[in-house]
Amino acid sequence: MSVKNLDDLLGEGVQGRYVLVRSDLNVPLDGDRITDDGRVRAALPTIKKLADAGAKVVVTAHLGRPKGEPDAKYTLAPVAKRLSELLGAEVALAGDLVGESAKALTGGLADGSVVLLENVRFDARETSKDAVDRSELAAELGALVPGGAFVSDGFGVVHRKQASVYEVASVLPAYAGGLVLAELDVLKKLTDDVQRPYVVVLGGAKVSDKLGVIANLLTKVDRLLIGGGMAYTFLKAQGHEVGQSLLQADQLDQVKGFLAEAEKRGVELVLPVDVLAATEFAADAENEVVDATAIPADRQGLDIGPRSRELFASKLADAKTVFWNGPMGVFEFEAFSGGTRAVAEALVKSDAFTVVGGGDSAAAVRQLGLPEDGFSHISTGGGASLEYLEGKELPGVTALEEKN
């Protein structure tokens with residue numbers, strides 16, 4: 001990939017110059033409390049480097065899925081507070097995105113200071129399907145930073161063709177941030193000159209979310225381990241009853257095709273052999289370990305069972321490269337977190353190049369109290385990682401390449 005990067009920009013000199021940074025600060029909240037600040041911490045190095053070099057740093061980001069207008073539930077105020085704590089300096093939050101508050105704060109910004117614009121998705125033009133709308137917003141963002149530059153550092157959104165990700169790169173001199181470059185470097189190790197055996201572990205709720213990536217990975221991996229809610233559609237496709245477990249009946253033919261393709265290609269496709277079958281979807285639900293091929297009609301699988309945990313760990317033991325995306329069960333409930341923990345611990349023990357593919361997997365690592373440095377890389381962008389592994393273009397990266 002030939003793009004200008006943060007080091008190039010710093011080499012040109014940013015003292016007294018505006019720099020608009022697109023970060024991914026889409027953190028989970030409980031009220032106004034951040035429950036996992038991983039993305040804020042990941043965004044910090046680029047922001048700090050620019051501020052330390054004397055730049056006037058203007059950060060734009062989204063939170064949640066507001067409907068194109070201000071919504072107090074999705075304010076970036078908790079993020080501004082946490083960013084201030086981590087940076088050791090006040091990060092002021094504009095009361096709007098490109099309005100009077102944003103203009104006043106950016107206009108009076110001192111060298112080496114940072115301001116955070118309010119949620120970019122409060123403006124419907126950010127996610128508009130109309131390129132004219134998006135370009136209009138990009139131009140207004142550019143006007144906030146006269147003579148400035150743009151640094152794309154929100155890897156979790158580079159797969160989106162949105163104003164603050166794509167169009168703004170044509171308005172300002174554009175550079176790739178350190179986080180985006182690091183993520184792309186890791187993903188290349190999962191696609192180019194991979195060390196084998198190459199094992200991928202996929203979990204999460206829905207097969208439909210990962211159709212493209214499964215199809216592409218079946219041409220590349222040695223072993224594919226399937227857990228989480230999506231495993232029940234695979235088990236059903238093999239002819240087993242899955243009780244009340246999550247099932248995407250409309251994907252059965254597709255999954256049967258995956259099973260046939262894996263066999264044809266000699267890819268070892270590993271499914272759970274036992275599950276924790278619960279009476280209901282609840283943290284304190286009565287549950288029992290049953291064979292994956294004999295789930296009672298009135299129960300639902302909420303986690304892989306102890307034999308499956310041992311099986312999955314054994315299939316990871318000799319790996320040289322591992323990509324993991326998606327929990328093995330409802331890890332938010334302590335009683336059903338064991339499968340996800342077992343996979344994570346197997347990766348920590350492994351000598352392989354291990355990548356946790358963002359999203360719920362990254363949240364699980366932190367929630368379960370596992371050492372983050374026990375993995376080679378924990379991604380900040382689950383969707384972007386999957387689309388890259390699916391072989392899709394990432395618009396936010398393409399926009400940077402087109403400037404070079």
Quick check: does any side chain N or O of [X] sit under 3.5 Å from a backbone N or O of [Y], one acting as donor and the other as acceptor?
{"X": "D274", "Y": "V289", "value": "no"}
{"X": "S337", "Y": "F331", "value": "no"}
{"X": "D8", "Y": "N5", "value": "yes"}
{"X": "R299", "Y": "A277", "value": "yes"}

Checklist entry - In terms of heavy-atom contacts, does CG of D351 have more than 12 from other residues, nucleotides or ligands at under 6.0 Å? => result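 Incorrect, the count does not exceed 12.
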Closest contact, heavy atoms only, [X] versus [Y]:
{"X": "Y74", "Y": "R65", "answer": "CE2-N, 3.9 Å"}
{"X": "V356", "Y": "S361", "answer": "CG1-CB, 3.6 Å"}
{"X": "D153", "Y": "L179", "answer": "OD1-N, 2.9 Å"}

Item to check | 4.5 Å side-chain heavy-atom contact, V180 and L184 | outcome: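 Of all side-chain heavy-atom pairs linking L184 with V180, at least one is under 4.5 Å.
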Next on the checklist: I'd like to know whether the aromatic ring centres of F333 and F281 sit less than 6.0 Å apart in this structure.
Outcome noted: yes
Next on the checklist: To the nearest 0.5 Å, what is the distance between CG on L137 and OG1 on T60?
Outcome noted: 8.0 Å
Checklist entry - Only one of R134, R125, E126 clears side chain to side chain donor-acceptor pair (under 3.5 Å) with S164; which? => result E126
Item to check | Parallel, tilted or perpendicular: rings of F375 and W324 (30°, 60°) | outcome: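 Because their plane-to-plane angle lies in the 30° to 60° range, the rings of W324 and F375 count as tilted.
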Next on the checklist: Quick test of your reading of the model: are E372 and R41 salt-bridged, counting only N-O distances below 4.0 Å?
Outcome noted: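 Salt bridge present between E372 and R41.
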